[in-house]
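What follows is a short report on a single structure.
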Amino acid sequence: MEPGLAIRPIHDTDSTMTQFEPLTPDSLSRLRELLGDNGVLTDPVALSAYGVDETEDVDFRPEAIALPETKEQVAAVLGLAGEARFAVTPRGGGTGLSGGALPVYGGLSLSLERLNRIRFIDEVNLTVEAEAGLITADLQRAVEDLGLFYPPDPASHDSCQLGGNIAEDAAGPRSCKYGTTRNWVLGLEAVLSNGTVIRTGSATRKNAAGYNLTQLLIGSEGTLAVVTAALLKLTNMPRLRLTLAAPFSSLQGAARAVSRLFVAGVDPAACELMEARALELVARLTPIPDQLANAAALLLLELDGDDSDALLERAAKASDIFDEQEQVEVIIAQESSDQRRLWEIREKIAIAVREYSVYKEADTVVPRSELANLVEKARRVAKDRQLEAVCYGHAGDGNLHVNLLRGDLAAATWKRNRDAAEAELFEWVTSVGGSVTGEHGIGWSQRRYLPLAALPGSIEVMRALKSAFDPAGILNPGKIFADE
Ligand code: MLT
Ligand code: ZN
């Protein structure tokens, strides 16, 4: 689509229509004045690249892409958007899994990729201030060089950006011990939709002054403000790690063991589960040791700490807990090369699913005691509709990614069956105290399920907050709420 030609309605959604002004030639030339010619892209290749993220099967092109280099430029762009009333969709590394960075109303894709500096690392107070476009793994490497540790580890850490992690409250395997992104943020620098730059929080570990805007902006998916930088907490890098791979012949046993590990104080840094079908799909890409390949469910644990005896004791305790369920031949990897090989099995699942079939991923999260029931329920809702379900994920958090696979179904049947299966699954998940997303966010693709996870009164407060932050509704429209 050429920029500036039409008012774009939202498409393929159940929303009532919301309209924005197109990016007119005048708006585009004002953007170029603000950002320079190379700070604004309108060529078709770029528009198509910024029209997708990692969310399966969806594509919404922006009319232009802005690449600011400073918070002042972000502020000027938002000021202009408010005046000219075009939609602005903030974008990080484009690795999101709920369409949060997709410009569903067209308008401007506001990429933070050029705001990518580490402003400082404070080795006395154990903090780092970094800009939103910094790649998460670059942040981790920079602090690791100083023996420090920033734990949040989304699967996409080599390409996702800090700002996107904050927008979605990203997590990953280590969140069962270290928490999600929100547990590591002390303060934010952000730009409001009217162009005002704000700073939230402080450089202190405690701060009880007023509403906690830092925590409100984290997970708000770019709908309330554009985060330009964050002050993060750091901790010391644990000196030792062990990886345990435990192949179970029953899913029930593996799921029960997960809860027991936490009750018994094993305190794993990561506790991941892969069911048999996930292992089969990974085996199409990479060899899996026989001992693990035929498991009904594989648990992968990481234990970390500084004291090797204590670490081995915790590993022995984990092994005993597995054996209480059934006889399990646990592999314990101490060398980092062996650990890497085990983790590769887990890391390849998403790509293995993608290569096998068109799919839709439901980011379910339940109390740990419901894990086995969750997998059973996922299999049932899928089978009833001629689909297949593949489950894997962060069992320690009760957070399993349920992938519904299309297989050979015709497009219309797939869409109908997928939506029905997902709705039934989420209804069950929320009926047992779970939620409709653990770490991928509501974004665009999950917005019809928000009412299952939040009462009408809560959604009303969320909408009131949205109006207070962004009265013109130009910031990341079409996200979180099912209608605008
Ligand atoms: C993962 O845990 O592998 C990520 O959240 C990505 C995914 O589930 O597709
Ligand atoms: Zn995940």
Side-chain angles (χ1 to χ4, degrees), residues 52-58 92-101 136-137 151-161 164-165 167-182 219 221 258 268-275 277-279 281-282 285-286 297-302 340 342-366 368 371 374-375 378 388-406 418 422 425-426 429 434-446:
V52 294
D53 63 5
E54 296 285 324
T55 313
E56 57 283 335
D57 243 2
V58 268
T95 59
L97 290 153
S98 58
T136 308
D153 59 342
S156 54
H157 61 274
D158 281 324
S159 48
C160 64
Q161 297 171 10
N165 293 176
E168 302 298 328
D169 188 22
R174 286 191 199 127
S175 61
C176 72
K177 174 167 179 177
Y178 292 101
T180 65
T181 300
R182 72 165 69 254
E221 310 200 48
V258 171
C271 174
E272 299 285 303
L273 180 141
M274 283 149 273
E275 59 145 329
R277 190 66 178 121
L279 292 169
L281 293 182
V282 174
L285 300 185
T286 194
L298 176 65
L299 287 185
L300 207 54
L301 258 59
E302 181 172 285
R340 274 257 39 83
L342 290 172
W343 280 103
E344 251 177 46
I345 301 174
R346 167 65 183 87
E347 284 159 11
K348 291 231 159 101
I349 299 181
I351 178 87
V353 169
R354 201 164 306 165
E355 288 191 5
Y356 179 70
S357 168
V358 171
Y359 69 102
K360 171 85 168 54
E361 181 163 342
D363 178 32
T364 62
V365 59
V366 293
R368 288 184 202 116
L371 278 170
L374 170 60
V375 178
E388 213 190 321
V390 178
C391 306
Y392 62 89
H394 319 296
D397 284 335
N399 179 201
L400 293 191
H401 304 310
V402 176
N403 287 250
L404 298 168
L405 309 189
R406 171 173 166 182
R418 168 200 79 186
E422 196 177 46
L425 181 64
F426 279 138
V429 160
S435 186
V436 298
T437 171
E439 58 173 18
H440 296 167
I442 293 280
W444 177 78
S445 61
Q446 305 299 101

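Predicted, not measured: the structure shown is a model, and the values here were computed from it. Both counts, for ligands and for their atoms, begin at 1 and track the order of listing.
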Please identify each residue that fulfils salt bridge (Lys or Arg N to Asp or Glu O under 4.0 Å) with E439, with sequence neighbours left out.
-> none

Who are the salt bridge (Lys or Arg N to Asp or Glu O under 4.0 Å) partners of R368, not counting sequence neighbours?
-> none

Is R340 paired with E347 through a side-chain N to carboxylate O contact shorter than 4.0 Å?
-> yes

Does K348 come within less than 4.0 Å of E355, counting only side-chain N to carboxylate O?
-> no

Find out whether S98 and E168 are in side-chain contact, i.e. whether some heavy atom of one side chain is under 4.5 Å from a heavy atom of the other.
-> yes

Please examine the side chains of V429 and L374, heavy atoms only from C-beta on, and report whether any two atoms are closer than 4.5 Å.
-> yes

Enumerate the protein N/O/S atoms at a distance below 2.8 Å from the Zn ion (ligand 2), ignoring waters.
-> H394 NE2, H401 NE2, E439 OE2

Take N403 and L405 through the test side chain to side chain contact (heavy atoms under 4.5 Å, CB included) and record every step on the way to the result.
-> CA-CA 6 Å; N403 287 250; L405 309 189; 4.2 Å; yes

Given side chain to side chain contact (heavy atoms under 4.5 Å, CB included), test L298 with L279 step by step and report yes or no.
-> CA-CA 8 Å; L298 176 65; L279 292 169; 3.8 Å; yes

T136 versus N165, side-chain donor and acceptor atoms under 3.5 Å | yes

Check: every ligand 1 N/O to protein N/O pair under 3.5 Å:
unit_1, atom_1, unit_2, atom_2, d
ligand 1, 2 (O), R346, NH2, 2.6
ligand 1, 2 (O), H394, NE2, 3.1
ligand 1, 2 (O), H401, NE2, 3.1
ligand 1, 3 (O), R346, NH1, 3.2
ligand 1, 3 (O), R346, NH2, 3.3
ligand 1, 5 (O), H401, NE2, 3.1
ligand 1, 5 (O), E439, OE2, 3.1
ligand 1, 5 (O), H440, NE2, 2.8
ligand 1, 8 (O), E361, OE2, 2.6
ligand 1, 8 (O), Y392, OH, 3.1
ligand 1, 9 (O), E361, OE1, 3.0
ligand 1, 9 (O), E361, OE2, 3.3
ligand 1, 9 (O), Y392, OH, 3.2

